[in-house]
Every structure is written in structure tokens, then in C-alpha cells.
Amino acid sequence: MNTIDKKELYDHLGTFLRTKGIELKDGTYAQGIEKACGFLTDAVNIGQMGLERARHGLDRKLEQVRQVIHEKTAPKTGAAPPVAANASAPTAQKPVAKAPTRRRPAAQSRGAGKRPARRKSRRT
């Protein structure tokens, strides 16, 4: 964004007030308003510079994060699986053994240790 000139803000405020029927004449009151416009202009300009610096810093950090993610998720170049000489021949695979299932002890079986269901009382 462009920086704001101190005099520019005061001139625009004077124009706005003139359209509303108020005219700023030279005097202590107008000088105070001009100083206030100067402070406001400085605050806005400094805020803009800070936001620009923050945006550039954030862009830099975001690019670093993207690079790290790319490095961690990119396929390894040296560990490519070998290609079979005869691609149409079926490959032998070992059957996957199923892990034995465990049985619960009797105290932990379904329904053991649970509270009995409450009966709703009938109101007549």
C-alpha cells in the first residue's frame, strides 16, 4: 500500500467537514486537529510497514514448511523396487498368517459386572 501524507489526511478531513457545513479556520483548534491527523497518519503508515514485514516473514516461514513437507513426503530416489524380467508371470506371495484371538476372562465377558436395568415407575 502507499503511504499517507500528513497534510493529505488533514486536507481530506477539511473537505469532508466542509460538505457537512463545518469549516476549519486557522487557529488553535485547527492546529490540534492537524497534529492529531499527523499522529494518525504516522500510526497508519507504521502499521502498514509492520504488516508488510510480517507478511514477508510469514511467506518465508510458510515456504520453509512446504519444503520440509516436500522432503518428508517425496519418494526416495535410490530405493526403487526392481522390475521383474517377465511381467506376465505371477509372483509368489506368502499367505498372511492371522493373529490368534484372545478370549476374555469370565469376569470381563459381556454382561458381567453391569448394573441391572432400572425400571421406570408408572405414575397413575
Side-chain angles (χ1 to χ4, degrees):
M1 271 183 106
N2 297 333
T3 58
I4 302 171
D5 185 36
K6 292 181 182 183
K7 187 72 174 160
E8 181 181 12
L9 184 62
Y10 178 72
D11 290 340
H12 284 292
L13 179 64
T15 305
F16 172 76
L17 291 175
R18 245 182 262 119
T19 61
K20 299 296 179 184
I22 301 169
E23 188 172 340
L24 292 176
K25 295 183 180 180
D26 291 336
T28 56
Y29 191 73
Q31 288 174 351
I33 291 176
E34 189 173 3
K35 281 186 181 180
C37 286
F39 291 139
L40 180 61
T41 303
D42 288 341
V44 168
N45 289 337
I46 289 171
Q48 285 180 348
M49 288 187 317
L51 285 174
E52 282 294 316
R53 286 178 45 198
R55 186 177 64 86
H56 287 298
L58 186 64
D59 287 344
R60 218 175 325 123
K61 291 291 182 183
L62 185 61
E63 189 58 38
Q64 289 175 353
V65 168
R66 286 182 179 143
Q67 182 64 29
V68 168
I69 290 172
H70 173 70
E71 289 172 1
K72 296 289 182 182
T73 59
K76 305 293 183 209
T77 57
V83 179
N86 189 358
S88 63
T91 58
Q93 292 183 351
K94 293 182 182 179
V96 178
K98 197 173 186 182
T101 58
R102 294 185 184 174
R103 298 188 82 192
R104 294 185 195 174
Q108 292 181 355
S109 64
R110 280 191 236 142
K114 288 188 176 180
R115 291 185 181 175
R118 290 187 184 178
R119 292 187 181 179
K120 292 185 179 180
S121 62
R122 290 184 152 181
R123 292 186 183 177
T124 54

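What's counted below: heavy atoms across the whole structure, side chains too, no hydrogens, waters or symmetry copies. If you're wondering where the values come from, they're calculated on a predicted model, not measured in any experiment.
Within the model, atoms CG of Leu9 and OG1 of Thr41 stand 4.0 Å from one another, a figure rounded to the nearest 0.5 Å. Summarising the geometry, atom CD1 belonging to Ile4 is positioned 7.5 Å from atom CG belonging to Leu40; distances are rounded to the nearest 0.5 Å. Atom CD1 of Ile22 sits about 8.5 Å away from atom CZ of Phe16, to the nearest 0.5 Å.
Linking Ile, Leu, Val, Met, Phe, Trp and Tyr residues whenever their side-chain heavy atoms come within less than 4.5 Å places Leu17 and Tyr29 in a single cluster.
Other residues, nucleotides and ligands contribute at most 12 non-hydrogen atoms within 6.0 Å of the NE2 atom of His70. Atom CG of Asp26 has 12 or fewer heavy atoms from other residues, nucleotides or ligands within 6.0 Å.
For Gln48, the side-chain contact (heavy atoms from CB on, under 4.5 Å) partners at least two apart in sequence or on another chain are Met1, Val44, Asn45. Scored by the side chain to side chain donor-acceptor pair (under 3.5 Å) test, Gln64 finds no partners at all (sequence neighbours excluded). Partners of Lys6 under the side chain to side chain donor-acceptor pair (under 3.5 Å) rule, at least two apart in sequence or in another chain, are Asp42. Arg60 meets the side-chain contact (heavy atoms from CB on, under 4.5 Å) test with no other residue; sequence neighbours excluded. In this structure, the side chain to side chain donor-acceptor pair (under 3.5 Å) partners of Arg55, at least two apart in sequence or on a different chain, are Glu52. Partners of Gln67 according to the side chain to side chain donor-acceptor pair (under 3.5 Å) rule, which considers only residues two or more places apart in sequence or in another chain, are Glu71.
Val65 is not listed as a side-chain neighbour of Lys61, based on a closest heavy-atom distance of 4.5 Å or more.
The heavy-atom pair separating Ala30 from Tyr10 by the smallest distance is CB-OH, 3.6 Å. In this structure, Cys37 and Leu13 approach most closely via the heavy-atom pair SG-CD2, 3.8 Å. In terms of heavy-atom proximity, Ile69 sits nearest to Thr73 at O-OG1, 2.7 Å.
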